[in-house]
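Values in this document were obtained by computation on a predicted structure and should not be read as measured data. So you know, we letter chains A, B, ... as the sequences are listed, proteins then strands, and number each from 1.
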Protein chains: 2
Amino acid sequence: MATRTDAPTRREQILKEAARLFAERGFHGVGVDEIGAAVGISGPGLYRHFAGKDAMLAELLVGISEQLLTGGRLRVAEAGTDGDPGVLLDSLIEGHIDFALDDRPLITLHDRELDRLRDADRKLVRQLQRQYVELWVSVVRELHPALAEPGARSAVHSVFGLLNSTPHLGRPGSLPGRTDTAALLHRMARGAFAAAADAVAQEEVAREEVAREEVMKEGVAVEGVAAGTPEA
Amino acid sequence: MATRTDAPTRREQILKEAARLFAERGFHGVGVDEIGAAVGISGPGLYRHFAGKDAMLAELLVGISEQLLTGGRLRVAEAGTDGDPGVLLDSLIEGHIDFALDDRPLITLHDRELDRLRDADRKLVRQLQRQYVELWVSVVRELHPALAEPGARSAVHSVFGLLNSTPHLGRPGSLPGRTDTAALLHRMARGAFAAAADAVAQEEVAREEVAREEVMKEGVAVEGVAAGTPEA
DNA sequence: GCAACAAGTTAATGAGCGTTAACGCGTTTC
DNA sequence: GAAACGCGTTAACGCTCATTAACTTGTTGC
């Protein structure tokens, strides 16, 4: 995580302001003149740096997805194959929260303007997103083996919804400060996952009960809860 | 909850299709001709039913907010003042999930296109949303008195994010069926609230410890954990 | 010193789109 | 039975806006 100290290039300025404006008023709601004005140049001057308005959005969305995925992979790699899945999940959650709190506009764009992309770019972003989700899913299932894959995937999506709710959390001032907010979100995410696993466990217990009763009647052996298969 | 059996009026057809299209491609991303085509009439024919494109969006968003709020108030009223707050919270969660699962496009619009409204309409929608949130906050705080108001509000917003994640849950088929999905979301929401309360409780315990140690030094009595004050 | 280039500028172009105008036509209503 | 009206239609208007053209200017390379 190299902290940059050099001045941001013009491209970066533009991307940052474009992200903010897109998040505020939507991709179609903001004109190129506005983006230009936000960085001190006017309208068509942007075309010296980007092929068009679409290209800016594409670069933003691809960048976000890549950043999330590589960040997640880094944490997985740091944890190694023998690490505590609970610790690893905490690490993933923390990373996602940092991102959600520090780059609210990008989080907003991430699930709001995906459809405005050209087919190729949209496919790429979707693929990156999918890999990021699957990364979480495998960690969650390692920690909560009772969760089947579809349930785990739904749970991960839902927790993303929870963590990505930061833009709705009012402007800084009403909420309890960044550190407390991060801690709150973190515990809620963990609690949500645990509850998801409990739900499945209880359902499976219930089915197990039923199955056992039937077994009693038929006198046939039944295998226990199958361990999750690692990957397809 | 009177179930309608009569045919939908043209206005309702238009609103429904407009909601779907707006959710799919954004307010600015869909033209009036498309909306018209979706209901079998063409372009400007819509102006016999609505003052303009903005009016459709406004009616949709105000309608959603009103529906959520009145639904929530109904459940609170049914529960009465002496009911179990846990049961009431379950009822609120269930109602919200039903809405999120049955009207995904509207849920999407709800937090995506609010800024496209005229000032008056936007203010109205915000006010309705705020009342809905506060309704949840008071119930959550009754169930979890350890949660202070700002934390409870953040928690409610976050759980909304969780429950409103249904549009991201892929098309029906990959996920585990409506009933199971609803049950999963429900338990995750409860788990998230519980975890939020635990977080606060533990923080307060921690502070309490510190306070008690200081007390030991100074020999002064300290009152126990204060019960949550009901309202401001 | 001067071509080459990077990075702007303003003016023009052209498509898309919301809205309005003008008109048609079946169904009420008195 | 005809005036009024509900509900459409197509054509035209006008505005916004992304993109391109043509031109300027400071800086770099040799």
Side-chain angles (χ1 to χ4, degrees), chain A residues 6-62 105 109 112-122, chain B residues 6-62 105 109 112-122:
Chain A
D6 50 340
T9 159
R10 174 80 355 141
R11 270 183 74 90
E12 289 169 336
Q13 288 181 45
I14 296 172
L15 282 177
K16 183 178 174 184
E17 294 303 312
R20 185 178 55 81
L21 290 168
F22 288 161
E24 278 174 10
R25 297 205 290 286
F27 178 68
H28 285 111
V30 42
V32 289
D33 290 354
E34 278 178 282
I35 303 174
V39 297
I41 73 182
S42 221
L46 297 171
Y47 286 74
R48 298 290 167 192
H49 304 276
F50 293 93
K53 201 179 150 193
D54 300 341
M56 299 180 208
L57 182 64
E59 191 156 328
L60 282 172
L61 291 183
V62 172
L109 286 188
R112 192 170 290 200
E113 307 283 0
L114 184 57
D115 310 321
R116 261 54 108 200
L117 256 51
R118 294 203 325 276
D119 271 27
D121 292 322
R122 190 173 56 246
Chain B
D6 50 340
T9 161
R10 176 74 3 133
R11 270 184 74 90
E12 290 168 335
Q13 287 181 45
I14 296 173
L15 283 177
K16 183 179 173 183
E17 294 302 313
R20 184 178 56 79
L21 290 169
F22 288 162
E24 279 174 9
R25 296 205 290 285
F27 178 67
H28 285 111
V30 42
V32 289
D33 290 354
E34 277 178 284
I35 303 174
V39 298
I41 72 182
S42 222
L46 296 170
Y47 285 74
R48 298 289 169 196
H49 305 275
F50 293 93
K53 203 179 150 194
D54 301 340
M56 299 180 209
L57 182 64
E59 191 157 327
L60 281 172
L61 292 183
V62 172
L109 285 187
R112 194 170 288 199
E113 306 283 0
L114 184 57
D115 310 321
R116 262 52 107 200
L117 257 50
R118 295 202 324 277
D119 270 27
D121 292 321
R122 191 172 55 246

If the sugar-phosphate is the primed atoms plus P, OP1 and OP2 and the base is the rest, what is the B/S/- string for nucleotides 9-22 of chain C, using protein heavy atoms under 4.0 Å?
BBB------SBB-B
Are the side chains of A/Met56 and A/Leu46 in touch, meaning some heavy atoms are under 4.5 Å apart?
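The answer is yes; the side chains approach within 4.5 Å.
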Is the closest side-chain heavy-atom distance between B/Ile41 and B/Arg48 below 4.5 Å?
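A side-chain contact under 4.5 Å is absent here.
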Specify the separation, in whole Å, of atom CD1 of A/Ile14 and atom C1' of C/dA6.
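Distance, rounded to whole Å: 13 Å.
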Output the rounded distance in Å from CZ (A/Phe50) to C1' (D/dT19).
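Checked: the CZ to C1' distance equals 16 Å.
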Among A/Thr9, A/Leu15, A/Ile14, A/Val39, which residue satisfies the side chain to side chain contact (heavy atoms under 4.5 Å, CB included) criterion with A/His49?
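Answer after filtering A/Thr9, A/Leu15, A/Ile14, A/Val39: A/Ile14.
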Please list all pairs passing the salt bridge (Lys or Arg N to Asp or Glu O under 4.0 Å) test where one or both residues lie in residues 50-61 of chain A, with sequence neighbours left out.
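Salt bridge (Lys or Arg N to Asp or Glu O under 4.0 Å) check on residues 50-61 of chain A returns A/Arg11-A/Glu59.
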Do you know the tightest heavy-atom contact between [X] and [Y]?
{"X": "B/Arg116", "Y": "B/His28", "result": "CG-CE1, 3.6 Å"}
{"X": "B/Ala58", "Y": "B/Asp121", "result": "CB-OD2, 3.5 Å"}
{"X": "A/Arg20", "Y": "A/Ala38", "result": "NH2-CB, 4.2 Å"}
{"X": "A/Pro105", "Y": "A/Ala19", "result": "CB-O, 3.8 Å"}

Bend angle of the helix from C/dG1-D/dC30 to C/dC30-D/dG1, end axes from five pairs each (to 10°):
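End-to-end axis angle: 10°.
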